[in-house]
Structure formats: C-alpha cells, structure tokens
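Below is one structure, written out as structure tokens; comments come after it.
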Amino acid sequence: METSAERLAQTIGTRVKNERKKHEWTLDQLAEHAGVSRRMLINVEQGTANPSVSILLKLSDALGLGLPALVEPPEARHSNVTRAGEGAVLWNGENGGRGILVAGTQAPEVVELWDWNLAPGERHESEAHVAGTRELLHLLKGSITVDVDGEAHELKAGDAMSFDGDTAHSYSNIHKTTAIFSLCVFEPGVGHTHKTENTHDE
C-alpha cells in the first residue's frame, strides 16, 4: 500500500518533470539552472528520492514555481482547504520532528505557511533563500534557539520574531520537550532571476 510520503514523492516528481518539459529543458539543463546533480534530479522525477527542503526550493525557484506549487499543482479556484493531517511533510527529524507545508500561494510573490514540530535534540539548518525572503515565526509551545547569520535568539512559548530568510539560518531545540511553532515564509519575485538569466542565454 502506497504511503503518504510515497504519494508526495510521486506528486513532486511528476510536477518537476512536466514543468521541465514545458521549459523544453533537458535533465542536464534543469540540473544546471537549479544547482543540483543530474542523479538527484532523475531520482526526484522518478519519485524515488527524499530530497531536502533546500533541494526542493532550488528546483521550484529554477522552474519559477515556488515551493507550494511544487507539492500541490495550482487549481482554478478561489480557495484551497488543507485538512488536518493532509499537509505536505517536507522535513522529518531524527527524533520524530516534522516540518509540514500546510498552505501557500503561487509565484511570483510566494507565501508559505508551515507547521513545525521540533523534538528534543533536533536542529534544522536552512541555506539562504532568494534575495528579499522574510520569515515570521510564532512559537506556540516549548523553547527553541533561532540562529540567523550567526546571531542566536532564544524564544519561549508565545514569543514571535521576524528575520531575513536570504541568509543562512537554523532552528534548534536543546530542551527536553517538543517545540511547536508556525512559520510563514515570504519569497518575492520567484522565477524572476531565472527569466532574466535566460534572456542573456538567447
């Protein structure tokens, strides 16, 4: 029986392959634009990979989609409800934590809404996102350390913060209880950089 993780991998793989063909790109061309290996791209398109959030962001940005559109193809309607337990689990921690993309908007102005559970001892590191990216975090339960470009911020339940997502950052839970937080990510002009670069290639 196919698991939800396998279905998600298949959905992502099909979406990436279809969008690559729309661009009339070869595997090598998309791999170069996204900065990922050809082997990883093949595995993603076949639905056999478990790519990191970083790799998914690189692929979605290269295709001009934004992450939400990569995990759930856009539909022609004014609202989209994600029921409890139906979000896209895009990160699994070694101690049971999860990063779940529960809602998002389409490119070029992409907004992502995440539910995060960070188990004791877990740390999630994120590379810098596209220029101008901002993140809003609201800690609902527990305590975490948010490191932004080498500066550490200690948060307790009820605390919130905003920070630049276009620099390296991480979330850590060094405490004995699971931390739960909501995260909103704003990525402006997704696909714009690629289109500018592509113009120069012609």
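Quick caveat, the model's predicted, so the values are computed rather than measured.
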So Leu30 and Val16, side chain to side chain contact (heavy atoms under 4.5 Å, CB included) or not? Walk me through it. CA-CA 10 Å; Leu30 176 53; Val16 169; 3.9 Å; yes
Please step through side chain to side chain contact (heavy atoms under 4.5 Å, CB included) for the pair Asp149 and Asp164, ending with a clear verdict. CA-CA 9 Å; Asp149 198 24; Asp164 294 331; over 6 Å; no
Mind running side chain to side chain contact (heavy atoms under 4.5 Å, CB included) on Thr133 and Val185 for me, showing each step along the way? CA-CA 7 Å; Thr133 297; Val185 182; 3.8 Å; yes
Take Leu41 and Asp28 through the side chain to side chain contact (heavy atoms under 4.5 Å, CB included) test and state the conclusion after the steps. CA-CA 9 Å; Leu41 179 56; Asp28 289 330; over 6 Å; no
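Counting heavy-atom neighbours within 6.0 Å of Glu32 CD, excluding the residue itself, gives a total of 12 or less. The 12-atom threshold is exceeded at CG of Asn95, counting heavy atoms of other residues, nucleotides or ligands nearer than 6.0 Å. Atom CZ of Arg98 is surrounded by 12 or fewer heavy atoms from other residues, nucleotides or ligands within 6.0 Å. Taking a 6.0 Å sphere around CD of Glu154, one finds it holds more than 12 heavy atoms contributed by other residues, nucleotides or ligands.
Between His169 and Glu135, the side chains place a donor N or O and an acceptor N or O closer than 3.5 Å (distance only, hydrogens not considered).
Transitive grouping of hydrophobic side chains (ILVMFWY, heavy atoms separated by less than 4.5 Å) brings Leu57 and Met40 into a common cluster.
Side chain of Gln46 to main chain of Gly13: no donor-acceptor pair is present (N/O by atom type, distance under 3.5 Å, no hydrogens or angles). Between the side chain of Thr48 and the backbone N or O of Asn43, at least one donor-acceptor pair lies under 3.5 Å.
Residues Gly64 and Val190 share a closest heavy-atom pair of C-CG1, 4.1 Å. Of all non-hydrogen atoms in Ala69 and Gln106, the two that sit nearest each other are CB-OE1, 3.0 Å.
Looking only at side-chain heavy atoms (C-beta outward), Leu137 and Ile144 come within less than 4.5 Å of each other. In this structure, Pro68 and Val110 have side chains that are in contact, with non-hydrogen atoms separated by less than 4.5 Å. Contact annotation: the side chain of Leu27 approaches that of Arg20 to within less than 4.5 Å [non-hydrogen atoms, C-beta and beyond]. Here the side chains of Asp115 and Ser182 are in contact, with some heavy-atom distance below 4.5 Å. At a threshold of 4.5 Å between non-hydrogen side-chain atoms, the residues Phe163 and His153 do not count as touching. Glu127 has its side chain within reach of Lys58: a pair of non-hydrogen atoms, C-beta onward, lies under 4.5 Å apart. Put simply, the side chain of Val53 does not reach to within 4.5 Å of the side chain of Leu101, judged on heavy atoms.
Ring geometry for Tyr171 versus Phe181: interplanar angle of 30 to 60°, hence tilted.
Taking Ile, Leu, Val, Met, Phe, Trp and Tyr as hydrophobic and joining them when side-chain heavy atoms fall under 4.5 Å apart, one finds Leu113 in a cluster with Val89, Ile100, Val102.
Considering Thr178, Ile180, Asn173 in turn, Asn173 is the only one that fulfils the side chain to side chain contact (heavy atoms under 4.5 Å, CB included) rule with Leu118. Looking at Lys21, Lys17, Arg15 one by one, the single match for salt bridge (charged side-chain N to carboxylate O under 4.0 Å, His left out) with Glu19 turns out to be Arg15.
Partners of Ala84 by side chain to side chain contact (heavy atoms under 4.5 Å, CB included), not counting sequence neighbours: none found.
With rounding to the nearest 0.5 Å, the separation of OG1 in Thr105 from CG in Asn80 is 11.5 Å.
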